[in-house]
Amino acid sequence: MLAPAAGNVSLRTVSSSRPQLIRTESQQSAAASDDYYSFSSRTPTSRSASGGSRTTVVRYATPNSHPVSRTSSPAVSRTLLAPPAALSRAEHSPIRQAEQRETFVTQIDSTTQSSEGRNAHLGLSMDGASSEPVRDSYAGREPTPGMDDSPYIRFAINQLTREGEDDDPRRSEESGYESTPPDRLVWDGSLGHFVRAVTPAPQQQSPQRDPQTSVDPEAFVAIEPPEGNLIYPALDFVPVVLRPWALSIAIFCVLLMIAGIAFSNVWSEDHDGVWGYNGRSGARYFVVQFLPQILGIIISISTFVIQAAVYRAMPFVIMASERPYKSVLQGLPIVSKSFLLPDFSHFMHGEALVGFSLLTIWISNFIAVPLLSCFFQVKWFVIDGEGSWRWAAVRPVGWTLIAVYGLLAIGLLTLLLRFLRTWSGLMWDPVCLADLITIIQRSNVLPDFEYTETATNVGELLKSRPLRLGYWQLSQGRHPEIFYGMGEAGGTVGNPSLHTPPRNSREHLSKVSFDAERQSMTGKDGYEELYSSAVRYRWAPWFLRKPAVIVWTVIICALFVAFVVVSFVNGGVEEGFPPHLSTRPSSTAFSSSNFLYSFIPALIGNLLFLAWQHIDVYFRALQPYVMLSSPEGATAEQSLLLAYSSLPPLHVTITAIINKHYKVAWISLLSVLSGAIPILAGGVFIALTYPENTIKITPLMSAFYAIVAFCAIYTVSFLAVWPGRRRYLPHSISTLADQISFLYQSPLLSDKLLREPRSKTDLVTRLVIAPPGNKDYPTYGFGIYVGRDGREHLGIDRYSRPGRADMLITTNSMK
């Protein structure tokens, strides 16, 4: 071998017409030459890790015995030197820095410099960038006796004549070959230098993807699971209240109500009334004046449970049926809405049967109880020459009730047919946040949710696309396992955490802290909104916002005070008041005054009853987020597994008391107790004949006192409705998209503890036990956390993770 001569060796360019070796002396330091060796504008991907345009000067030694320098030539583009990504500036020793100031040479890894004492060192770009087209030659040097230097010469020429395939992605696309990454260089002991590992040539027509921007070329392929395999259960789960036997029971109860009303109509017409009147007390008065409303309220509460199951299941059922509707995530609510006003969202998503069923439920709940309150009235009958007062069924009201409940029965029947042998796409009932995590943890639509956690309206930021819920497999076969979840058929893998290492992972930057500097940053990465209290505590349902609660409380209190004053001052109610309408019953037993003073009070009470259901529903749905917003988080049983929205009213009360969620317990209890207001209001007034043939509307005072008591409880309960800080969120949680926006970057989606459970029991067991190696049970929070992309996000994650700072929960720290 030829020993390198002393002096400065700078590898620049070689004439393309006649290769030659020229020795030159450097006249400037390495620091002054950084700008000269800056990257070309045609290679934007080869910027240094620090984000600037300068490159690190790297030592390069040739196997030539004479110093070699390549001078710049107009005919040949200058060499582009890429920075070694694996080396930091702190790793350069002072001696090496002095050598760089003395000469322009390139530097390779220390392992290559010391290998077997050879001087054939090559300049290698550690981040995949290489030179522009440069040709080199070793003509004019003397060979080393007894040593064949041709392998070194060939390899050096190969390195100098590479066509920039690593730097310029356009060249790779034009040639059809994928750039070989620098880590594929391997040491060849027989040749004494690094050589490129043999890689299979890609197909000519396969599109090339930039490894820095692509996640995975594989796509989601919908498949059917193997039959009879317990690992992949059938996706035909239907919530209990929507199963045929449960809906059949509900339909049977409605038919019994229809039969009772029809019987009363027919019997009253054929037998001059249904029962003799014996005064305003006793069992008869209770049966005809209060029992019909009680039965109506029971049916209404049962339909509340049914429609709650419909709302939470239908988005998944639509996705499992592979309907072409593209806005299921953001357009279909998962929280019950059909109380005071009807909801037509299911009609707009192609579910006419479900939409019709919910419409019939709303009609019956809105009008049935007020009509039942005036179904029976007192009428004078002459039987066998003797006259007497008797309770009679008001036939027009009866036939109207039969029509209302008939529609309800048909609606429940259509719901039964819709869920009969349906392919729901569900393994179990999705009633809590933990269930949602298992469904979306491998979804390929999560990238669409980038920084939607701070958006006012998540649905407006998402593009509409048809989605499917079921089993999947990746198209390329590199991951042949079958997995379950929600995704877009044919869409590329959008969730890299379970397929490839996450991009832009910055575990070392995982510290989450609040400071003024970060809060004042621009909103490009969402930091400003993440740390803004105005965004974090922006949303609550309009009827639970503080101004609305104040207004409602003032109105209810004013009405209650006026009601009490009018009722008790100067005996205004107890002594009766003129009806101002005709009280004489018609041939069908209809009396204008009796109808008015039964229907109107019952309707007002029913509106109060239905209005409270909205409050109850949202307090149940928000309770998991309330617990997650605790300063130190909450256990899974108190947060991710809470399922108040799926429980019947009284069951909610008992469970909430056990969990010490007293506000939810009381509000849910009042959702049942408030039903007493329309029940009592509809039967408390009756027209009676006083001495001197005067007719007055007179109340049953015991029932009237009960109404006053329930109205007082209803009014005072608005104090419990006052929303605390924890019940405010950045945006609504009424759709799947709203809730996914708080989970799309959560490490919980890639948490091995939650990886693909096969039953609800399996999921609950994993969450309620301590992870292996931990003595403490994990807690979960809602705050600022470091997502799988290495950036900060607002949402749900474990409160503490090894190697990371605790989640920042601002409920009590930010005012």
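Nearest heavy-atom pair, V305 versus P648, reported as atom, atom and distance to 0.1 Å: CG2-CA, 4.2 Å. The heavy-atom pair separating I733 from A621 by the smallest distance is CD1-O, 3.8 Å. Shortest non-hydrogen contact noted between F619 and V664 is O-CG2, 4.0 Å.
Ring pair W612/Y714: centre-to-centre distance below 6.0 Å. Aromatic rings from F344 and F356 are positioned such that their centres are separated by 6.0 Å or more. H731 has its ring centre less than 6.0 Å from the ring centre of F742. Checked against a 6.0 Å centroid threshold, the rings of F595 and F375 do not count as neighbours. A distance of 6.0 Å or more separates the ring centres of Y277 and Y285.
A cation-pi arrangement is not found for R538 relative to Y728, the charged atom failing to lie both closer than 6.0 Å to the ring centre and inside a 45° cone about the ring normal.
R620 contributes a side-chain N or O that, together with a main-chain N or O of L647, makes up a donor-acceptor pair within less than 3.5 Å. The backbone N or O of G411 sits less than 3.5 Å from a side-chain atom of T414, completing a donor-acceptor pair. Looking at Q293, its side chain does come within 3.5 Å of a backbone N or O of Q289 through a donor-acceptor pair. D343 contributes a side-chain N or O that, together with a main-chain N or O of S345, makes up a donor-acceptor pair within less than 3.5 Å. Between the side chain of S373 and the backbone N or O of S598, at least one donor-acceptor pair lies under 3.5 Å. In this structure, the side chain of E386 does not engage the main chain of V382 through any donor-acceptor pair within 3.5 Å.
Around atom CZ of R584, no more than 12 heavy atoms belonging to other residues, nucleotides or ligands sit under 6.0 Å away. More than 12 non-hydrogen atoms from other residues, nucleotides or ligands lie less than 6.0 angstrom from NZ of K696. Within a 6.0 Å radius of CD in E574, no more than 12 heavy atoms belonging to other residues, nucleotides or ligands are found.
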Next on the checklist: Checking S717 against W666 for the side-chain hydrogen bond (donor to acceptor under 3.5 Å, both in side chains) test, could you report, in this order, the C-alpha distance in whole Å, the side-chain angles of both residues, the deciding distance, and whether it holds?
Outcome noted: CA-CA 8 Å; S717 295; W666 174 252; 2.9 Å; yes

Item to check | Audit row: R727, Q623, side-chain hydrogen bond (donor to acceptor under 3.5 Å, both in side chains) steps and yes/no | outcome: CA-CA 8 Å; R727 297 188 188 277; Q623 189 59 32; 3.3 Å; yes

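A donor atom on one side chain and an acceptor atom on the other are found under 3.5 Å apart for T810 and Y537. Remark: the R536 side chain and the S629 side chain contain an N/O donor-acceptor pair separated by less than 3.5 Å. D616 and Y644 are not linked by any side-chain donor-acceptor pair at a separation below 3.5 angstrom, with hydrogens and angles left out of the test.
F685 and F577 have perpendicular rings, their planes meeting at more than 60° on a 0 to 90° scale where under 30° would count as parallel. Below 30°, between 30° and 60°, or above 60°: for W267 and H271 the angle between ring planes is below 30°, a parallel geometry. A perpendicular orientation is assigned to the rings of Y618 and F543, their planes being inclined by more than 60° (bins at 30° and 60°).
The pair E351-R418 meets the salt-bridge criterion, since a charged nitrogen lies less than 4.0 angstrom from a carboxylate oxygen. Between K760 and D429 no salt bridge is recorded (no basic side-chain N to carboxylate O distance below 4.0 Å).
Screening T303, T360, N606 for a side chain to side chain donor-acceptor pair (under 3.5 Å) involving N365 leaves a single residue, T303.
Taking OG of S338 as the start and CD of Q613 as the end, the distance is 12.0 Å to the nearest 0.5 Å.
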